[in-house]
Chemist: 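One structure is given below, represented as structure tokens, and several questions about it will come after.
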Amino acid sequence: MGNHYNNHCCCHCQGSAESGGKPAYFNAVMQGGFQDVAPEGDVKFLIAFQSGDFSFTPNTAEITVNAGGVYRIDYSVLVRPVTGVLNVAYAVAIDGLENPLSFFGIYSDEPTSKERAELTGMFIAPVAAGSTIVLRNKSATKDYLAGTGIDNQAVNHASILIQRIG
């Protein structure tokens, strides 16, 4: 594959001639079980796969980006309603400040406690070398992330994907 890249791919998946570098990625999940995330609390991740441009300690929330650039960040959380109302909002904070492009949410006023709803978000932003990234609960209430109870499978109840695209 060398230095060629795919002109039809939005993120130059094979590396970009303009940036002169290879793409970098970080993918983390929290698998099975559950996680309570308080308002303004950060989501913890356990398992990670990466290309080497990031620092992360398992079972923590903070991811350090070691190489600056333009990044696409995708995330998802699997939420179980607690009180018959689902009122969920999340955002990604870079160096402690939530990026306005990263705010996504869902609302439902009649879910059962057995239902699960998946909230996803994605955005593109510049990230400086040494910056920290966290996924933060912007809801006014505590959220219950649940990765069990789905067809007897332990599924990921939180995930984040950080890709350098430029």
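No experiment lies behind these values; they were computed from the predicted model shown.
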Chemist: Run the side chain to side chain contact (heavy atoms under 4.5 Å, CB included) test on Y25 and I162 for me, step by step, so that the C-alpha distance in whole Å, both residues' side-chain angles and the decisive distance to 0.1 Å come before the verdict.
Modeler: CA-CA 5 Å; Y25 53 85; I162 304 168; over 6 Å; no
Chemist: Answer yes or no: does atom CZ of F49 have more than 12 heavy-atom neighbours from other residues, nucleotides or ligands under 6.0 Å?
Modeler: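 No.
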Chemist: Indicate if V37 and V29 have the same hydrophobic cluster label, given that clusters are the connected sets of ILVMFWY residues with side-chain heavy-atom separations under 4.5 angstrom.
Modeler: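 In one cluster: no.
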Chemist: Short question: side chain of S131, backbone of V65 - any donor-acceptor pair under 3.5 Å?
Modeler: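 Such a contact is absent between S131 side chain and V65 backbone.
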Chemist: Between T64 and T132, does any side-chain donor sit less than 3.5 Å from a side-chain acceptor?
Modeler: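 Result is no, nothing qualifies.
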Chemist: Between atom OG1 of T148 and atom CZ of R116, what is the distance when rounded to the nearest 0.5 Å?
Modeler: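 If I round to the nearest 0.5 Å, the distance is 5.5 Å.
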Chemist: Could you check if a side-chain atom of H157 sits within less than 4.5 angstrom of a side-chain atom of Q31, using non-hydrogen atoms only?
Modeler: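 Side-chain contact under 4.5 Å: no.
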Chemist: Is it true that S55 and N66 share a donor-acceptor pair across their side chains at a distance under 3.5 Å?
Modeler: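 S55 and N66 do have a side-chain donor-acceptor pair below 3.5 Å.
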Chemist: In this structure, would V92 and I106 fall into the same cluster of hydrophobic residues linked by side-chain contacts under 4.5 Å?
Modeler: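 Linked, V92 and I106 end up in one cluster.
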Chemist: Do you know which two heavy atoms are closest between A140 and P39, and how far apart they sit?
Modeler: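 It is O-CG, 3.6 Å.
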Chemist: Examine distances only and state if a side-chain atom of E98 and a backbone atom of F103 form a donor-acceptor pair shorter than 3.5 Å.
Modeler: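 Judged by distance alone, no pair lies under 3.5 Å.
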Chemist: Atom NZ of K44 and atom CG of D36: how far apart are they, to the nearest 0.5 Å?
Modeler: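 Rounded to the nearest 0.5 Å, the NZ-CG separation comes to 11.0 Å.
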Chemist: Do the rings of Y71 and F54 sit parallel, tilted or perpendicular, given the 30° and 60° boundaries?
Modeler: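 Rings of Y71 and F54: perpendicular, over 60°.
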Chemist: Can you tell me how far the OG1 atom of T120 sits from the CG atom of L78, to the nearest 0.5 Å?
Modeler: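 Reported value, rounded in 0.5 Å steps: 11.5 Å.
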Chemist: Could you tell me whether Y90 and F104 have their ring centroids closer than 6.0 angstrom?
Modeler: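 No; F104 has its ring centre 6.0 Å or more from that of Y90.
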Chemist: Between V134 and I94, is there a shared hydrophobic cluster once you connect ILVMFWY residues whose side-chain heavy atoms come closer than 4.5 Å?
Modeler: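 In one cluster with V134: I94, no.
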Chemist: Using atom types as modelled and distance alone, determine if a side-chain donor or acceptor of N27 lies under 3.5 Å from a backbone N or O of L161.
Modeler: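 Flag not set: sc N27 to bb L161 has no pair under 3.5 Å.
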Chemist: Atom CD in Q50, atom CZ in F56: separation rounded to 0.5 Å?
Modeler: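 If I round to the nearest 0.5 Å, the distance is 9.0 Å.
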Chemist: What is the distance from atom CE of M122 to atom CZ of R72, rounded to the nearest 0.5 Å?
Modeler: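 M122 CE to R72 CZ: 5.5 Å, rounded to 0.5 Å.
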Chemist: Evaluate the criterion side chain to side chain contact (heavy atoms under 4.5 Å, CB included) for residue pair L145 and M30; output intermediate values, then yes/no.
Modeler: CA-CA 10 Å; L145 309 183; M30 183 57 92; over 6 Å; no
Chemist: Applying a strict under-4.5 Å side-chain criterion to I, L, V, M, F, W and Y, I'd like to know whether I73 and L119 cluster together.
Modeler: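 Cluster IDs for I73 and L119 match.
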Chemist: Quick check against the 3.5 Å criterion: does N156 have a side-chain atom that pairs as donor or acceptor with the backbone of A158?
Modeler: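 Absent.
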Chemist: Would L135 and V77 count as a side chain to side chain contact (heavy atoms under 4.5 Å, CB included) if you check the C-alpha gap in whole Å, the side-chain angles of each, and the deciding distance to 0.1 Å?
Modeler: CA-CA 10 Å; L135 178 57; V77 290; 4.0 Å; yes
Chemist: Does the side chain of F123 come within less than 4.5 Å of N99's, by heavy atoms?
Modeler: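 With C-beta onward as the side chain, the pair touches.
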Chemist: Can any side-chain N or O of N137 pair as donor or acceptor with the backbone N or O of S139 at less than 3.5 Å?
Modeler: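 Flag set: sc N137 to bb S139 pair under 3.5 Å.
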Chemist: Please lay out, stage by stage, how V79 and E118 fare under the test side chain to side chain contact (heavy atoms under 4.5 Å, CB included).
Modeler: CA-CA 6 Å; V79 185; E118 186 166 17; over 6 Å; no
Chemist: Are F34 and Y144, when compared by the centres of their aromatic rings, separated by less than 6.0 Å?
Modeler: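 Centroid separation for F34 and Y144: below 6.0 Å.
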Chemist: Identify whether the distance between the nearest side-chain nitrogen and carboxylate oxygen of R80 and E115 falls below 4.0 Å.
Modeler: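 A salt bridge is absent here (no side-chain N lies under 4.0 Å from a carboxylate O).
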Chemist: So does D53 get a backbone contact from the side chain of R164, meaning a donor-acceptor N/O pair under 3.5 Å?
Modeler: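 Between the backbone of D53 and the side chain of R164 there is no qualifying donor-acceptor contact (under 3.5 Å).
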Chemist: Side-chain contact, heavy-atom cut-off 4.5 Å: I133 with I160?
Modeler: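 Yes, side chains in contact.
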